[in-house]
Visitor: 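Encoded as structure tokens, here's the structure I'll be asking about.
This is a predicted model, so every value here is computed, not measured. Each ligand, and each atom within it, is numbered from 1 in the order the structure gives.
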Amino acid sequence: MALVVQKYGGSSVSDAHSIKRVAKRIAAAKRAGNDVVVVVSAMGDTTDELLDLAGQITPLPPQRELDILLTSGERISMSLLAMAITNLGVKAKSFTGQQAGLITDAVHGRARLVDVVPHRIRETVEKGQVAIVAGFQGVSSSNDVTTLGRGGSDTTAVALAAGLDADVCEIYTDVDGVFTADPRIVPSARKIDRVTYEEMLELAASGAKVLALRAVEYARRYDVPVHVRSSFSNTTGTLVTGTHGDAIDPNAPAGDQEEAEMEAPIISGVAHDRSEAKITVVGVPDKPGTAARIFEVVAGTGANIDMIVQNVSAAHTGLTDISFTLPHADSPSTLAALNALQEELGFASLQYDDQIGKLSLVGAGMKSHPGVSARLFGALRDAGINIEMISTSEIRISVVTREDALDDAVRAIHTAFDLDSADGEAVVYAGSGR
Ligand code: ADP
Ligand code: ASP
Ligand code: MG
């Protein structure tokens with residue numbers, strides 16, 4: 001008998017009808033002889049709507065209260081789903097993150113799991129019942145309710161799969177798997193059959209929100225096989241594991257592993273991200289210690305810095321500009337902290353630009369293929385798109401463009417690297433893309 005953890009995202013449970021539809025899939029998995037644990041997200045765009053609501057009360061809601069508010073979304077869907085499954089004659093019980101034993105640190109809004117003790121979930125499964133767990137939430141050691149950051153239900157699912165030693169973690173969403181680009185922007189995107197944790201980490205970190213970054217990190221650490229697929233079709237989706245090939249048996253001969261890897265594509269896909277902004281510190285004295293001071297202060301705000309660029313110092317002035325990107329949400333506190341530093345460091349001014357977009361080309365094969373960046377830059381030139389910042393890792397090249405050029409840039413790069421599918425358009429079954 002297999003133990004399966006299934007996670008259903010918001011667009012799969014957006015209304016009563018969808019909840020009943022998903023309940024049927026869960027009941028079928030149970031009746032097929034599996035032990036089933038389900039993690040569910042809030043219905044549709046509930047989390048965004050709750051955030052909007054809080055914003056109408058106050059621009060800076062206390063983080064503790066915001067977490068209590070946001071976790072209510074998953075309470076609604078978990079209880080309704082348990083009712084729908086029970087209605088089909090299969091016993092089901094719902095649990096909050098706290099009841100399910102998801103223990104986190106106390107950082108509201110982006111808490112990290114510190115322990116997973118799913119006794120009640122195990123008991124429920126042993127009784128032959130389906131356990132439904134509210135995604136995206138946990139409880140701190142001081143008994144405060146926390147949330148795991150946007151997309152956190154994926155993390156809940158993978159963590160439970162690891163904690164329960166499940167055979168597979170299935171992530172059900174509104175597209176047929178992980179594609180070579182977001183199908184909402186690139187209809188010719190191709191479904192990827194297999195992708196490694198490393199590649200998926202880079203895609204997720206670069207904005208491909210089909211799987212949350214933390215969930216991929218967790219899956220890699222505990223070696224949880226993740227199957228990303230649609231709740232609207234029966235198509236096989238994308239398998240995220242340690243290697244590309246079938247030779248995932250750790251005891252398989254090394255030759256098999258190598259052969260599997262040789263067939264790996266050079267490029268996995270193109271990811272994009274609109275959630276970042278750029279801050280430029282203008283006219284910084286070009287002397288040892290200034291960058292350290294700037295980023296000490298920025299780190300103190302808890303902001304998540306991504307790309308950093310320092311221009312060549314203008315010899316006659318001895319001044320330089322330092323630019324970096326960070327999430328929109330981290331910008332107000334970072335700008336305030338830097339403003340307070342102006343007198344000490346003596347920089348001229350701060351510039352803030354929230355109209356940027358980031359595109360990333362990801363692929364483990366690119367490290368052994370020179371010319372990938374030249375081809376990328378050439379394709380953007382041919383599309384008339386200006387590059388504002390560049391950063392690279394072993395298996396990723398990222399560029400910043402104007403936000404309104406981003407979609408065109410993604411499509412141009414997708415085509416330039418021959419990623420377009422020959423067999424029709426990718427299906428987006430539901431969701432608002434919000
Ligand atoms: P859920 O509500 O199921 O958690 P999400 O909206 O978080 O769903 O993630 C699914 C969405 O991710 C898709 O509808 C798609 O628009 C977007 N997406 C971005 N990049 C990719 C990609 N490379 N492959 C598939 N989907 C992607
Ligand atoms: N409901 C949460 C969000 O919208 C968690 C999730 O769906 O994964 O971010
Ligand atoms: Mg999601």
Visitor: Looking at ligand 2, does any of its N/O atoms fall within less than 3.5 Å of an N/O of Ser41?
Guide: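 Yes; at least one N/O pair falls below 3.5 Å.
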Visitor: Counting heavy atoms only, which of Arg184, Lys7, Lys209, Arg150 comes nearest to atom 7 (O) of ligand 1?
Guide: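 Comparing heavy atoms across Arg184, Lys7, Lys209, Arg150, the nearest one to atom 7 (O) of ligand 1 lies in Lys209.
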Visitor: Is Gly73 close enough to touch ligand 2? Criterion: a residue heavy atom under 4.0 Å from a ligand atom.
Guide: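 Checking ligand 2 against Gly73, which is what was asked, there is no heavy-atom contact under 4.0 Å.
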Visitor: Under a 3.5 Å cutoff, is there a donor and acceptor pairing between the side chains of Asp67 and Thr147?
Guide: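 Looking only at side-chain atoms, Thr147 and Asp67 do form a donor-acceptor pair, the distance falling under 3.5 Å.
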Visitor: Look only at the side chain of Ser12 and the backbone of Tyr8, and say whether a donor-acceptor pair between them is shorter than 3.5 Å.
Guide: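 No; judged by distance alone, with no hydrogens or angles, the pair does not exist.
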Visitor: For the pair Arg229 (side chain) and Glu170 (backbone), establish whether a donor and an acceptor sit closer than 3.5 Å, ignoring hydrogens and angles.
Guide: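 Judged by distance alone, no pair lies under 3.5 Å.
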Visitor: Would you say Ser12 touches ligand 1, if touching means a heavy atom closer than 4.0 Å?
Guide: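 So Ser12 does not count as touching ligand 1.
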Visitor: Check each of Val13, Thr173, Asp273 against atom 1 (P) of ligand 1 and report the one with the nearest heavy atom.
Guide: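 Of the listed residues, Thr173 has the closest heavy atom.
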Visitor: Using a 4.0 Å cutoff against the non-hydrogen atoms of Val178, which atoms of ligand 1 qualify?
Guide: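 By the 4.0 Å cutoff, the relevant atoms are 24 (N).
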Visitor: Is the backbone N or O of Thr196 less than 3.5 Å from a side-chain atom of Glu199, with the two atoms forming a donor-acceptor pair by type?
Guide: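 It does hold such a pair.
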Visitor: Heavy-atom contacts with Asp174 under 4.0 Å: which atoms of ligand 1 show up? List them by number with element.
Guide: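 Answer for ligand 1: 10 (C), 11 (C), 13 (C), 14 (O).
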Visitor: Donor-acceptor pair, distance only, cut-off 3.5 Å: does the side chain of Thr155 make one with the backbone of Arg214?
Guide: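 Absent.
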Visitor: Please enumerate all residues that pass ring pair (Phe, Tyr, Trp, His ring centres under 6.0 Å) together with Tyr222, with sequence neighbours excluded.
Guide: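 Expected list: Tyr218.
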Visitor: So does Thr236 get a backbone contact from the side chain of Lys191, meaning a donor-acceptor N/O pair under 3.5 Å?
Guide: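 Yes: the side chain of Lys191 pairs with the backbone of Thr236.
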Visitor: At the 4.0 Å heavy-atom cut-off, does Ala181 count as touching ligand 1?
Guide: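 Distance cut 4.0 Å: Ala181 passes for ligand 1.
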Visitor: Measuring from the heavy atoms of Val175, does anything fall under 4.0 Å of ligand 1?
Guide: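 Within the 4.0 Å threshold, so yes.
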Visitor: Within ligand 1, which atoms have a heavy atom of Pro183 less than 4.0 Å away?
Guide: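 Matching atoms, with element in brackets: 25 (C), 26 (N), 27 (C).
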Visitor: Check if Met200 has a non-hydrogen atom at a distance under 4.0 Å from any atom of ligand 1.
Guide: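 Met200: no contact with ligand 1 (<4.0 Å).
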Visitor: Suppose I only count heavy atoms of Gly177 and a 4.0 Å limit; which atoms of ligand 1 are within that range?
Guide: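 The list of qualifying atoms is 24 (N), 25 (C).
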Visitor: Between the main-chain N or O of Ile185 and the side-chain N or O of Asp407, is there a donor-acceptor pair closer than 3.5 Å?
Guide: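 Side chain of Asp407 to backbone of Ile185, a donor-acceptor pair under 3.5 Å: no, none is there.
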Visitor: Short list, please: which atoms of ligand 1 are under 4.0 Å from a heavy atom of Ala208?
Guide: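 So the answer, numbered in order with elements, is 20 (N).
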Visitor: Judged by non-hydrogen atoms, does Ser231 sit under 4.0 Å from ligand 1?
Guide: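 Per 4.0 Å heavy-atom rule, Ser231 does not contact ligand 1.
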Visitor: Is the closest side-chain donor-acceptor distance between Thr301 and Ser333 under 3.5 Å?
Guide: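 Per modelled atom types, Thr301 and Ser333 side chains form no pair under 3.5 Å.
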Visitor: Tell me whether ligand 2 is touched by Gly152 - counting only heavy atoms on the residue side and a distance under 4.0 Å.
Guide: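 A heavy atom of Gly152 does come that close to ligand 2.
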Visitor: Do Phe324 and Phe295 have their ring centres less than 6.0 Å from each other?
Guide: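 For Phe324 and Phe295, the ring centres are under 6.0 Å apart.
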Visitor: Less than 6.0 angstrom from the centroid, inside 45 degrees of the normal: does Arg221 satisfy that with respect to the ring of Tyr197?
Guide: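 Pair Arg221/Tyr197 does not count as cation-pi.
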Visitor: For Ser11, state whether at least one heavy atom is located under 4.0 Å from any atom of ligand 1.
Guide: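 Within the 4.0 Å threshold, so yes.
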Visitor: At a 4.0 Å cut-off, with the gap strictly under it, does some heavy atom of Ser41 reach an atom of ligand 1?
Guide: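 Under 4.0 Å: no for Ser41.
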